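Report on the following structure.
Keep in mind that this is a model prediction, so the values were computed, not measured. Heads up: numbering here begins at 1 and tracks the sequence.
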Amino acid sequence: MTTSPKIGIAGITGRLGTLCAEEAGTALAGGLSRTADPSRHVTDSPSALARQCDVIIDVSHASTVRSHAKAFTAAGCGWVLGTTGLDASDQKAVEEAARKIPVLQAANFSPALTLFLDLARQLGAALPDYDAEILEIHHRQKLDAPSGTALAIGRAVAGGRGVKLEDVARTDQNNRRPDGAIGFASLRGGQIVGEHDLVLMAADEQITLSHRALDRRVFARGALMAARWLAGCPAGLYGMADVLKRKD
């Protein structure tokens, strides 16, 4: 495995991209943005960035996923994808890329949240008849709801129950709650980094799993951990759980 991979940041001018660049330090090979800035080694060409990197951390926008998949695959560059809000065509492009290059896809790079997902899966399996509700709160600028992390939690619970989230997800709170539904509620306001609660409720008890991100740097550090781990891996689709299981 490469010990000091050359790392690129797609979305380097965004909140998380800026922090990833700071955490990368001397390993940073360059960045990708809609506006090129050669003085800062920032290009507007995904192909140009991929040619000079071993791994790219992509925290840009869902609209770029298909073009990035094509460019990174052509360059043989590893891809750490943290972008959420993907549609079916975007996800297909990610999975096709993973047949040729190593791709690590995660809705959240926090190590603790990764373990949260494992616990959510276990609870879903052990308590299949409990009502499951997921509450997420984020800063007022966040565009997608439910958040990618909330959906990942929902998929974990659904996976534990042996069902597809798409078949049981409930976002409309106006009607009677169907049996077996996994509900979602989203709040937006202030500058909250990210809060997620999974609540499982029966008639006589409830259990709550909670995660609070106190500093956005936890995601940047997790993304860098993932990038260093992914460098040199064979083609395939990986997740943060793989990083925690096989961390060197």
Side-chain angles (χ1 to χ4, degrees), residues 1-32 41 46 49-50 52-61 65 68-69 72 75-84 86 94-95 97-98 101-121 138 147-153 155-156 193-196 209-248:
M1 182 177 294
T2 303
T3 55
S4 299
K6 294 180 289 184
I7 296 172
I9 313 293
I12 195 169
T13 58
R15 286 185 176 190
L16 183 52
T18 299
L19 293 176
C20 286
E22 292 175 4
E23 293 292 328
T26 58
L28 182 66
L32 178 66
H41 304 288
L49 179 63
Q52 60 187 352
C53 295
D54 298 309
V55 183
I56 291 178
I57 297 172
D58 190 348
V59 287
S60 53
H61 190 271
V65 164
H68 287 185
F72 301 165
C77 178
W79 188 13
V80 174
L81 178 61
T83 303
T84 59
L86 278 59
V94 173
E95 293 169 3
I101 60 172
V103 178
L104 190 148
Q105 185 178 21
N108 191 303
F109 292 118
S110 158
L113 199 284
T114 301
L115 297 176
F116 183 117
L117 295 176
D118 188 48
L119 292 172
R121 189 173 296 104
H138 283 86
S147 69
T149 300
L151 291 171
I153 295 169
R155 282 192 290 272
V193 175
E195 301 184 2
H196 294 87
L209 285 181
S210 298
H211 180 268
R212 303 287 183 268
L214 306 179
D215 188 326
R216 197 168 274 105
R217 283 188 184 276
V218 70
F219 306 131
R221 290 171 183 147
L224 265 294
M225 181 194 303
R228 293 182 179 113
W229 179 87
L230 190 67
C233 284
L237 186 59
Y238 303 94
M240 280 300 293
D242 296 306
V243 179
L244 297 186
K245 288 175 185 175
R246 295 166 51 191
K247 185 170 60 174
D248 293 338

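- Side-chain contact between Trp229 and Asp242 is present, with heavy atoms from C-beta onward closer than 4.5 Å.
- The two residues Met240 and Gly222 have their closest heavy-atom pair at CE-O, 4.0 Å.
- Side-chain contact between Phe116 and Asn108 is absent, with no heavy-atom pair separated by less than 4.5 Å.
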| request: Walk me through it: do Val94 and Trp79 pass the test side chain to side chain contact (heavy atoms under 4.5 Å, CB included)? | output: CA-CA 9 Å; Val94 173; Trp79 188 13; 4.1 Å; yes
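- At a threshold of 4.5 Å between non-hydrogen side-chain atoms, the residues Leu244 and Pro111 count as touching.
- Listed here is the closest heavy atom pair of Ala226 and Val243: CA-CG2, 4.1 Å.
- For the side-chain contact (heavy atoms from CB on, under 4.5 Å) criterion with Ile9, the lone passing option out of Leu32, Leu28, Ile56, Leu19 is Leu28.
- Annotation: the span from Ile101 atom CD1 to Leu237 atom CG amounts to 10.5 Å, rounded to 0.5 Å.
- Here the closest non-hydrogen pair linking Ala227 and Pro5 is O-CG, 4.5 Å.
- Between Leu117 and Ile153 there is a side-chain heavy-atom pair separated by less than 4.5 Å.
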| said: Between Leu104 and Val55, is the side chain to side chain contact (heavy atoms under 4.5 Å, CB included) condition met? List the steps. | reply: CA-CA 10 Å; Leu104 190 148; Val55 183; over 6 Å; no
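- Between His61 atom NE2 and Thr84 atom OG1 the span is 9.0 Å, to the nearest 0.5 Å.
- Shown here are the salt bridge (charged side-chain N to carboxylate O under 4.0 Å, His left out) partners of Glu23, two or more places apart in sequence or in another chain: Arg217, Arg221.
- Atom CG of Asp58 is separated from atom CG of Leu49 by 9.5 Å, given to the nearest 0.5 angstrom.
- Leu16 and Ala220 make their closest contact through CD1-N, 3.6 Å (heavy atoms, listed as atom of the first residue, atom of the second, distance).
- Listed here is the closest heavy atom pair of Cys53 and Ile7: SG-C, 4.0 Å.
- Take Arg216 and apply the salt bridge (charged side-chain N to carboxylate O under 4.0 Å, His left out) test, not counting sequence neighbours, and it matches no residue.
- Between Cys77 atom SG and His68 atom NE2 the span is 11.0 Å, to the nearest 0.5 Å.
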| field | Ile57 vs Leu224, side chain to side chain contact (heavy atoms under 4.5 Å, CB included): CA-CA, chis, key distance, verdict | value | CA-CA 8 Å; Ile57 297 172; Leu224 265 294; 3.7 Å; yes
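- At distances below 3.5 Å, not a single donor-acceptor pair connects side-chain atoms of Ser210 with backbone N or O atoms of His196.
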| field | Test log, rule side chain to side chain donor-acceptor pair (under 3.5 Å), inputs Thr149 and His211 | value | CA-CA 11 Å; Thr149 300; His211 180 268; over 6 Å; no
| task | Tell me, with the steps shown, if Phe109 and Val80 meet side chain to side chain contact (heavy atoms under 4.5 Å, CB included). | result | CA-CA 10 Å; Phe109 292 118; Val80 174; 3.5 Å; yes
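- Between Leu86 and Leu81, some side-chain heavy-atom pair lies under the 4.5 Å cut-off.
- To the nearest 0.5 Å, the span separating CG on Asp54 from CZ on Arg228 amounts to 12.5 Å.
- Taking both residues in full, the closest heavy atoms of Tyr238 and Pro102 are given as CE1-CB, 4.2 Å, listed atom of the first, atom of the second, then distance.
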